[in-house]
Amino acid sequence: MGSMGVMGVLAAGETGQAVEHAEAWRKLAAGEAAAADFGRSEGREARVGRAVAALAAQPRTAAALERARALLEDVVPEEIQDDWAVMAEYLLARWHEAHAIEPDRAEGERRLLALLEARAGHPWADAAAPKLAIAWFAAERDAAEFARKEGRFAPLLERVRDAAARRDARLVLADAALRLGPDHARALPHYRALAEEAEALRPSLRARVLFQVAESAAALGLREEAAEGWRRFAREFPTDARAAEARRRAAEVLSR
């Protein structure tokens, strides 16, 4: 359900919200929970929990999905705008975008954007950032439309506090920029930012990011940065099939 799972946020206490149904959430994270595990309580947590359980239920049925939507819509407009409301807003956006039998991607994107604009910095709002990035940029090929969306998205991304969500969104933007042209000038700042947090990346992604920093820097004529990027790649991944090529390119780019 995004760059963070339900239990990941709740167990870490990132939202500060009180959790009454910890065992039900644990079972849900393990793929065991049903809506009944949250009891008959009409509390906000219980209603969100029953909605998440309905979304996770297999096989998927229209009735279960509609039940989830109704529960979430019941929580969101209430006067109390607490962490459960933000979580419900995120899940509703994802419901429209991906979970509904007939997804309404435009409505899902609208809700993801509204959540980010209103609550960026909250863990559940931050989870919307990579989802919106995928929806807006992954398949965008029009440079003008890409730039328009990027202008709206960039200040929201600066407000995202969750490091994993921020990295995921940056990777989408960087990779999309490479497909757009390729536009190395637009992609490189995102790859640089990812390289600064390289230790948090899985090894295969870390290798790709480090190599791409050098590639994009070279394409932009930034020879020193390209050479250092390839040297760093070779140091950190000496057994990678591209290590010898990286060392060769580092020497070659500085000899021009």
Side-chain angles (χ1 to χ4, degrees), residues 2-4 105 109 112-113 116 120 126-256:
S3 58
M4 63 193 78
R105 291 183 174 82
E109 290 173 25
L112 289 171
L113 175 61
L116 265 176
D126 287 357
K131 300 301 183 184
L132 185 59
I134 291 169
W136 273 11
F137 302 108
E140 185 59 66
R141 296 295 182 271
D142 183 88
E145 183 64 9
F146 193 107
R148 184 190 71 78
K149 290 176 178 175
E150 188 179 41
R152 192 164 186 183
F153 188 78
L156 296 175
L157 186 57
E158 291 300 314
R159 291 166 49 200
V160 169
R161 295 180 184 175
D162 182 81
R166 192 171 54 244
R167 287 192 298 269
D168 288 350
R170 283 196 179 281
L171 183 63
V172 173
L173 281 163
D175 289 349
L178 283 188
R179 291 190 294 270
L180 189 75
D183 190 337
H184 291 283
R186 180 173 265 130
L188 182 55
H190 295 298
Y191 284 124
R192 282 173 178 155
L194 289 166
E196 290 176 2
E197 300 182 59
E199 291 185 1
L201 306 177
R202 64 183 185 275
S204 60
L205 178 56
R206 180 177 182 176
R208 180 164 76 83
V209 165
L210 295 183
F211 200 89
Q212 190 57 55
V213 166
E215 291 271 283
S216 290
L220 295 170
L222 304 172
R223 295 185 296 170
E224 291 288 345
E225 183 176 358
E228 176 51 36
W230 279 314
R231 286 195 294 262
R232 179 181 176 185
F233 175 86
R235 284 196 307 270
E236 296 192 21
F237 296 93
T239 62
D240 189 285
R242 295 165 292 178
E245 175 69 6
R247 287 189 290 269
R248 184 190 66 76
R249 290 194 190 186
E252 182 181 82
V253 76
L254 291 177
S255 67
R256 293 174 186 170

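Of all heavy-atom pairs spanning L180 and R141, the tightest one is CD1-O, 3.3 Å. Taking both residues in full, the closest heavy atoms of H184 and A219 are given as CD2-CB, 3.5 Å, listed atom of the first, atom of the second, then distance. Of all heavy-atom pairs spanning A226 and A218, the tightest one is CB-N, 3.6 Å. Here the shortest heavy-atom pairing between L112 and K131 reads CD1-CB, 3.9 Å. Here the closest heavy-atom approach between residue F146 and residue R186 is recorded as CE2-CD, 3.3 Å. A pairwise comparison of heavy atoms in A165 and P130 identifies O-CD, 3.8 Å as the closest pair.
Taking the six-membered ring for Trp, F211 and F237 have ring centres at least 6.0 Å apart.
Looking only at side-chain heavy atoms (C-beta outward), D168 and V172 stay at 4.5 Å or farther from each other.
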Legend entry - Worked check of side-chain contact (heavy atoms from CB on, under 4.5 Å) between L157 and L116: CA-CA 9 Å; L157 186 57; L116 265 176; over 6 Å; no
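Taken from CG in L210 to CZ in R231, the straight-line distance is 14.0 Å, to the nearest 0.5 Å. One distance of note links CD of E245 with CH2 of W230; it measures 8.5 Å at 0.5 Å rounding. For the atom pair CZ of R148 and CZ of R152, the computed distance is 7.0 Å after rounding to the nearest 0.5 Å. From R208, atom CZ reaches atom CG of D240 across 13.0 Å, with rounding to the nearest 0.5 Å. L173 contributes atom CG, which lies 11.5 Å from atom CG of L178 (distance to the nearest 0.5 angstrom). Rounded to the nearest 0.5 Å, atoms CG (L113) and CZ (F153) are 9.5 Å apart.
Looking only at distances, no side-chain donor or acceptor of R179 sits under 3.5 Å from a matching main-chain atom of A139. Judged by distance alone, the side chain of D126 and the main-chain N or O of D162 form a donor-acceptor pair under 3.5 Å.
The local environment of CZ in R161 is sparse, with at most 12 non-hydrogen atoms from other residues, nucleotides or ligands closer than 6.0 Å. The number of heavy-atom neighbours closer than 6.0 Å to CZ of R235, taken from other residues, nucleotides and ligands shown, is above 12.
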Report, one line per pair, each donor and acceptor closer than 3.5 Å where one atom sits in a side chain of residues 190-203; sequence neighbours left out.
from, atom 1, to, atom 2, distance (Å)
H190, ND1, R170, NH1, 2.9
Y191, OH, D175, OD1, 2.5
R192, NE, E225, OE2, 2.8
R192, NH2, E225, OE1, 2.8
E197, OE1, R167, NH1, 2.9

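With a 6.0 Å cutoff to the six-membered ring centre and a 45° limit on the axis angle, R242 does not count as a cation-pi contact of F233.
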